[in-house]
Amino acid sequence: MERTFIAIKPDGVQRGLVGEIIGRFEAKGFTLVGLKLLVASQELAEKHYDIHKERPFFKDLVSFITSGPLVAMVWEGDGVVASARRIIGATNPLTAEPGTIRGDFAVSIGRNIIHGSDAIETAQREISLWFTDAELANWELTIKPWLVE
Ligand code: DAT
Ligand code: MG
């Protein structure tokens, strides 16, 4: 079953948006299989954003993401990787569509509230970076027949 890694960044936690954001994925019909609040270490943050290490904003990005608690999650469902990216919206919140999380709650690219894996392979890498197997639950929503034909 397809899974994606989602993180509510320190700005989303500080702004009290944890419940709102989790609620959107729940209401959509995806399944929460991993959840924890933590302050990411420098090492974890650098690994997570490794692909951006040559970019001019890398240092600020790592320092921001390690600046306070974030909520790390794994969500499961058919097509969840691409769908979560659409729920999240464009990287720049000013161009993110209204109705998306970034479009509804943010104004600045450096404070865009939430991370979501950009592809299935990225999701696998990020999930294993942030979670152990024991921290992930294999379970099925009892209402699944009401969500999936
Ligand atoms: P996304 O988070 O939508 O996957 P990304 O992977 O291109 O976007 O970049 C990772 C994060 O880095 C992004 O959420 C915010 C920050 N970032 C990206 N481009 C930036 C820029 N031009 N200036 C400052 N921060 C930037
Ligand atoms: Mg990205």
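Computed from a predicted structure; not experimentally measured. Values below: every heavy atom of this structure, side chains too, minus hydrogens, waters and symmetry copies.
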Joint cluster assignment, [X] & [Y], ILVMFWY side-chain distance < 4.5 Å:
{"X": "Val39", "Y": "Leu70", "value": "no"}
{"X": "Met1", "Y": "Trp139", "value": "no"}
{"X": "Ile88", "Y": "Val18", "value": "yes"}
{"X": "Phe105", "Y": "Val13", "value": "yes"}
{"X": "Val74", "Y": "Leu38", "value": "yes"}

Shortest non-hydrogen separation from [X] to [Y] and the atoms involved:
{"X": "Thr100", "Y": "Arg86", "value": "CG2-O, 3.4 Å"}
{"X": "Ser108", "Y": "Pro93", "value": "O-CG, 3.4 Å"}
{"X": "Ser117", "Y": "Arg85", "value": "O-CD, 3.2 Å"}
{"X": "Ala90", "Y": "Thr95", "value": "CB-OG1, 4.1 Å"}
{"X": "Ala45", "Y": "Val62", "value": "CB-CG1, 3.9 Å"}
{"X": "Ile21", "Y": "Ile114", "value": "CG2-CD1, 3.7 Å"}

### Task
State yes or no: are the ring centers of Trp75 and Phe25 separated by less than 6.0 Å?
yes
### Task
Indicate the ring-plane relationship of Phe5 and Trp130, choosing parallel, tilted or perpendicular according to the 30° and 60° boundaries.
parallel
Atom pair [atom1]/[atom2] of [X] and [Y] - distance to nearest 0.5 Å:
{"X": "Arg24", "Y": "Ile22", "atom1": "CZ", "atom2": "CD1", "answer": "13.0 Å"}
{"X": "His52", "Y": "Phe58", "atom1": "NE2", "atom2": "CZ", "answer": "9.5 Å"}
{"X": "Glu121", "Y": "Asp118", "atom1": "CD", "atom2": "CG", "answer": "9.0 Å"}
{"X": "Glu135", "Y": "Leu35", "atom1": "CD", "atom2": "CG", "answer": "10.5 Å"}
{"X": "Arg102", "Y": "Leu94", "atom1": "CZ", "atom2": "CG", "answer": "12.0 Å"}
{"X": "Ser41", "Y": "His48", "atom1": "OG", "atom2": "NE2", "answer": "12.0 Å"}

Min side-chain heavy-atom separation [X]-[Y] under 4.5 Å:
{"X": "Thr4", "Y": "Glu126", "value": "no"}
{"X": "Ile6", "Y": "Phe30", "value": "no"}
{"X": "Tyr49", "Y": "Arg55", "value": "no"}

Would you check if the side chain of [X] reaches a backbone N or O of [Y] as a donor-acceptor pair within less than 3.5 Å?
{"X": "Asp104", "Y": "Gly99", "value": "yes"}
{"X": "Glu76", "Y": "Thr31", "value": "no"}
{"X": "Ser67", "Y": "Phe64", "value": "yes"}
{"X": "Glu2", "Y": "Ile120", "value": "no"}

### Residue that, paired with Lys9, satisfies side-chain contact (heavy atoms from CB on, under 4.5 Å) out of Ile113, Leu17, Ile65
Ile65
### Task
Kindly write out the residues that satisfy side-chain contact (heavy atoms from CB on, under 4.5 Å) with Arg125, not counting sequence neighbours, or none if the list is empty.
Asp50, Leu129
### Query
Is it true that atom CD of Glu97 has more than 12 heavy atoms of other residues, nucleotides or ligands lying nearer than 6.0 Å?
no
### Query
For atom NZ of Lys36, is the number of surrounding heavy atoms from other residues, nucleotides or ligands below 6.0 Å larger than 12?
yes
### Query
What's the verdict on side-chain contact (heavy atoms from CB on, under 4.5 Å) for Glu20 and Ile101, showing C-alpha distance, side-chain angles and the deciding distance?
CA-CA 9 Å; Glu20 166 74 35; Ile101 292 167; over 6 Å; no
